[in-house]
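For reference, the structure is listed below as structure tokens.
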Amino acid sequence: MSIPEDFLKQLEQYSELSHREKEVFLEIFGNSKNRVNVAQELNISESNVSTCLTGIYKKFCITGNGPVKESRLREYLSKRYSQQKPSGDLTTDDVDDSIDTLVQEIRNQIKPYIKEKCGTMRVLDMPKPIELTGKQGIYTNVNILEAITGRRRLKVAELMQSCDHDNFERLGLSRVKQKRVSGLEVVQRYSKLMVLGKPGAGKTTFLKYLAMQCIEGRYQANRVPLFITLKDFAEAPKKPDILKFIAEQLSSCGVTHASVIVEKLLKQGKGLVLLDGLDEVREEDTNRVLRQIREFSDLFHTNQFVITCRIAAKEYTFESFTEVEMADFDEKQIAIFVQNWFQLTNPVKSERFIQKLKENEPIQELASSPLLLTLLCLVFGDSGDFPANRSELYQEGLDVLLKKWDAKRNIEREQVYKNLSLQRKEDLLSQIGLTTFEQKDYFFKQKTAETYIADFIRNLRNADTDPEVLKLDSEAVLKSIEAQHGLLVERAKGIYSFSHLTFHEYFAAREIVANSAWESLVEHITEIRWQEVFLLAAGMMRKADDLLVLMKSKIDSIVAFDNKLQYILDTVYNKFLSVKYNNKGAGVRAFYLEHALFFSYSAIDSCGEFARAFGFTDYIDPEIDFDDALTDALEMTDSDYQECFTYALSLNLNLEPEFQNLLQKLKEQIPFQDNPEKRIEREDKIIKKWLNQLRELIIKYRKICYREELNDEQIELIWNYYNANLLLNDCLNSDCYVSREVRDKIENSLFLPIKIKPC
């Protein structure tokens with residue numbers, strides 16, 4: 001092998017060999033002498049020759065054992081320096097090829113370790129780990145918000161812009177409307193990134209995904225992924241620096257001379273440094289770890305760095321790092337995650353899960369959190385449904401956030417509010433929840449929240465009631481609740497809310513149950529925004545009799561003093577008595593209430609829905625079916641009149657001959673029967689006249705379809721009565737515990753006028 005004359009000078013500059021190492025190198029690799037001859041030529045012992053070779057292999061980053069290392073170095077030299085090169089430094093290509101070879105070699109050595117550490121996830125009560133990536137992987141691509149939501153300078157009115165206080169869109173309260181960017185895209189855009197997120201937002205999973213993409217060659221294949229759990233680093237014996245800690249990791253993977261190799265890789269910018277869980281570092285270790293990260297990232301600034309931290313943890317500032325926030329899952333991401341979850345066990349379950357989720361907005365809100373979505377999948381996987389008593393599900397979710405999530409990962413956090421037990425934390429959140437919910441404060445200022453907290457903790461045993469101390473303590477407690485549990489979230493600068501409206505409602509209901517405040521609760525029975533609180537309170541109670549009886553009494557009082565509405569209920573009751581089928585009394589009365597009001601109150605636009613909620617089913621009695629078919633023809637939609645009449649007359653009821661003849665005549669006079677396309681304008685005089693004739697017949701002969709119009713006040717009353725009864729029925733069917741006597745009494749008295757005593 002021919003070596004350039006000035007190669008030793010280049011070699012010394014490049015690999016920093018000592019004078020003796022240069023001599024040994026030239027004799028063995030330049031003149032092809034064996035160790036014995038080299039020892040004689042240089043007048044040194046063979047052990048000294050071996051020591052020099054060890055240094056040579058180390059500085060060339062040659063790994064392996066015995067003769068393998070000599071062969072590898074010869075192969076490298078043969079490839080690089082077998083021909084004369086001009087004098088001067090080694091070329092960039094030489095250095096690049098050398099480091100790229102080293103990178104690929106180290107990647108191969110650590111691949112099993114990375115796959116073991118980052119290739120799976122196991123949280124909560126999973127029976128076993130599941131794969132993160134690959135065909136059977138659970139990972140769902142995440143989105144990033146490039147502007148931190150809690151640092152926006154917005155007012156409460158701006159946050160509530162798309163939400164009416166009383167008839168709000170539930171999901172609109174927590175939806176962030178800023179642009180989302182793919183997580184991978186953001187990492188590619190910034191060389192130093194701090195990823196912030198709420199507890200359970202998927203930060204660690206995202207970092208594991210980056211490590212797996214890198215080691216599998218799908219992302220930054222020319223770098224070595226270095227995954228560090230900062231809690232492990234902080235608590236490592238002998239308190240190593242980050243460089244030594246990484247070297248120890250690589251050494252455990254079989255990498256020889258790991259310290260030298262790691263430093264060489266990092267000097268060449270070949271590391272993808274992933275630092276997970278800055279918030280999980282104990283307080284006594286925080287300053288040391290922060291200093292280490294700053295020094296390390298400055299020294300090896302040409303590498304890629306990604307750090308994760310909870311969004312409300314102490315202000316950790318790294319000047320050269322760009323801060324971004326993990327976005328909640330949207331509907332598409334939820335669907336993908338669920339499909340991935342059930343793909344092995346039962347793919348059909350994923351479709352059922354999504355369908356059930358769409359039917360249940362309060363639970364759907366929780367699914368936006370990857371951690372809580374995992375909990376929902378575990379619950380649904382066992383039973384194929386969500387619990388009828390949602391309060392139990394929410395309590396399980398709260399247990400995860402308040403204690404299990406940190407406990408599962410052996411995290412001991414600073415207890416700023418150490419005098420607050422788990423019970424007291426829930427009591428505090430309940431007090432805040434009910435106070436703010438009563439005031440319609442879905443968003444509240446930080447100072448307001450701190451005032452509520454101060455009012456609570458000043459009553460605790462041994463509490464320091466000095467105003468200044470209380471102020472500091474309340475601020476610390478608020479930040480701790482946000483950072484440790486994520487149940488209160490800063491939505492804009494100095495403005496907070498509960499992380500989910502679902503939890504806001506849950507804590508409000510919990511406070512009501514704790515204080516048996518049924519009378520104050522039923523005052524809100526006509527307010528749509530309180531409906532979930534009623535359902536949750538009923539589900540939490542040991543026995544819901546008192547609440548349900550109060551609800552029934554309050555509902556009856558809504559229409560008790562309006563004679564016209566009482567007359568409608570009296571008409572409905574008499575109609576109910578006239579039909580043979582009355583096993584589902586409440587359902588039949590609900591059915592006729594809907595039909596009696598259909599043309600008086602156009603807001604009720606789905607006849608039968610109310611009745612079915614009370615156990616009423618279609619096609620259970622010929623007379624009821626007959627009334628249903630006729631009133632179908634009255635609907636202000638594109639009804640098929642011919643079909644309605646044909647079905648009604650086919651029931652062969654014992655109708656008065658005159659009524660039957662008039663119906664037959666009306667059937668023959670259906671407007672535009674031969675040319676349905678002309679029936680485009682539904683307000684056409686001909687159609688209205690025909691419908692009025694039909695309506696008059698139904699009123700006269702079937703005693704339904706109330707003939708008088710209601711004024712605006714009466715419409716509001718009957719609508720409140722309508723919705724409140726639905727709510728009462730939902731409570732009865734919510735898996736709450738209620739005595740059989742109370743249940744029967746309520747069901748037997750639904751939709752009765754005041755003068756009629758329940759059976």
Side-chain angles (χ1 to χ4, degrees), residues 150 170 173-174 198-200 310-312 362-363 365-366 369 371-372 375 390-407 413-460 463 470 473-491 495-517 520-521 529-530 532-533 535-537 539-541:
R170 297 184 59 89
L173 285 172
S174 57
K198 298 187 287 289
R310 288 191 180 179
I311 199 163
I363 295 179
E365 289 172 30
L366 302 185
S369 160
L371 176 63
L372 295 178
L375 171 65
R390 288 201 289 268
S391 65
E392 295 177 357
L393 176 63
Y394 301 160
Q395 181 61 60
E396 190 171 352
L398 289 169
D399 285 346
V400 166
L401 293 173
L402 285 168
K403 56 182 180 181
K404 288 184 180 179
W405 185 226
D406 281 355
R413 298 185 182 279
E414 173 199 6
Q415 292 296 312
V416 180
Y417 51 141
K418 57 187 177 182
N419 291 329
L420 293 181
S421 63
L422 177 62
Q423 174 77 20
R424 289 291 169 259
K425 291 176 187 177
E426 293 190 23
D427 291 344
L428 169 60
L429 289 165
S430 297
Q431 188 167 301
I432 296 173
L434 181 58
T435 303
T436 53
F437 199 85
E438 285 179 327
Q439 297 171 357
K440 301 182 182 179
D441 290 340
Y442 303 116
F443 301 98
F444 38 89
K445 292 183 178 180
Q446 179 176 339
K447 289 183 178 178
T448 302
E450 290 172 1
T451 299
Y452 295 148
I453 294 169
D455 287 343
F456 182 87
I457 61 179
R458 71 156 45 92
N459 294 313
L460 297 175
L470 275 176
D473 285 351
S474 62
E475 182 179 350
V477 167
L478 177 60
K479 286 297 181 183
S480 294
I481 293 173
E482 183 183 10
Q484 296 184 26
H485 315 307
L487 289 168
L488 294 176
V489 178
E490 194 170 14
R491 299 293 187 184
I495 299 176
Y496 280 77
S497 79
F498 280 86
S499 59
H500 300 87
L501 177 59
T502 297
F503 286 145
H504 198 167
E505 292 164 331
Y506 174 88
F507 282 118
R510 185 181 181 276
E511 183 73 358
I512 288 167
V513 172
N515 293 285
S516 301
S520 61
L521 176 59
R529 72 187 193 93
W530 281 86
E532 185 68 10
V533 178
L535 289 164
L536 292 171
M540 290 180 201
M541 294 173 66

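Residues: numbered from 1 along the sequence shown.
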Exercise. Between Y496 and E482, does a side-chain contact (heavy atoms from CB on, under 4.5 Å) hold up when you go through it step by step?
Worked result: CA-CA 10 Å; Y496 280 77; E482 183 183 10; 3.1 Å; yes
Exercise. Going by atom types alone, do H504 and T436 pair a side-chain donor with an acceptor below 3.5 Å?
Worked result: yes
Problem set entry | Note, L428 side chain near V477 side chain (heavy atom, < 4.5 Å) | yes
Exercise. What are the two closest heavy atoms between S391 and Y506, and how far apart are they?
Worked result: O-CE1, 3.6 Å
Problem set entry | Closest non-hydrogen atom pair between A537 and L521, with its separation | CB-CD2, 4.2 Å
Exercise. Between E450 and K479, is the closest basic N to carboxylate O distance under 4.0 Å?
Worked result: no
Exercise. Is any side-chain heavy atom of L398 closer than 4.5 Å to a side-chain heavy atom of L487?
Worked result: yes
For this session: Determine, step by step, whether D399 and Q395 satisfy the side-chain hydrogen bond (donor to acceptor under 3.5 Å, both in side chains) criterion, reporting the C-alpha distance in whole Å, the side-chain angles of both residues, the deciding distance to 0.1 Å, and the verdict.
Result: CA-CA 6 Å; D399 285 346; Q395 181 61 60; 3.0 Å; yes
For this session: First locate atom CG of L478, then atom NZ of K447, and finally report the distance between them rounded to the nearest 0.5 Å.
Result: 13.5 Å
Exercise. Which pair of non-hydrogen atoms, one from L372 and one from L366, has the smallest distance, and what is that distance?
Worked result: CB-O, 3.5 Å
Exercise. What closest approach, in Å, do F498 and L429 show between heavy atoms, and which atom pair accounts for it?
Worked result: CZ-O, 3.7 Å
For this session: Taking the side chain as every heavy atom from C-beta outward, state whether F444 and R491 have any pair of such atoms under 4.5 Å apart.
Result: no
For this session: Report yes or no: does S474 contribute a side-chain atom to a donor-acceptor pair with the main-chain N or O of T451 at less than 3.5 Å?
Result: no
For this session: To the nearest 0.5 Å, tell me how far M540 CE sits from L535 CG.
Result: 10.5 Å
Problem set entry | 4.5 Å side-chain heavy-atom contact, I453 and I432 | yes
For this session: List the atom of S369, the atom of G200, and the distance in Å for their closest heavy-atom pair.
Result: OG-O, 3.8 Å
Exercise. Rounded to the nearest 0.5 Å, what separation is found between the CD atom of E475 and the CG atom of L470?
Worked result: 13.0 Å
Exercise. What orientation do F507 and F503 show, parallel under 30°, tilted 30 to 60°, or perpendicular over 60°?
Worked result: tilted
Exercise. Hey, are the side chains of I481 and K425 touching, using non-hydrogen atoms and a 4.5 Å cut-off?
Worked result: no
Problem set entry | 4.5 Å side-chain heavy-atom contact, R310 and P199 | yes
For this session: Decide whether a cation-pi geometry holds between R529 and F437; the criteria are a distance under 6.0 Å from NZ or CZ to the six-membered ring centre and an angle within 45° of the ring axis.
Result: yes
For this session: Taking all non-hydrogen atoms of both residues into account, name the closest pair between D427 and R424 and its distance.
Result: OD2-NH1, 2.5 Å
Seminar exercise, completed: When rounded to the nearest 0.5 Å, the distance separating CD of E490 from CD of Q446 is 6.0 Å
For this session: Dump the intermediate steps for side-chain contact (heavy atoms from CB on, under 4.5 Å) on L401 and L371, then the final yes or no.
Result: CA-CA 9 Å; L401 293 173; L371 176 63; 4.0 Å; yes
Exercise. Nearest 0.5 Å, what's the OH-NE2 distance between Y394 and H500?
Worked result: 11.0 Å
Problem set entry | L501 backbone acceptor or donor facing E365 side chain under 3.5 Å | yes
Problem set entry | Rounded distance [0.5 Å steps], OG1 in T435 versus CD in E438 | 6.5 Å
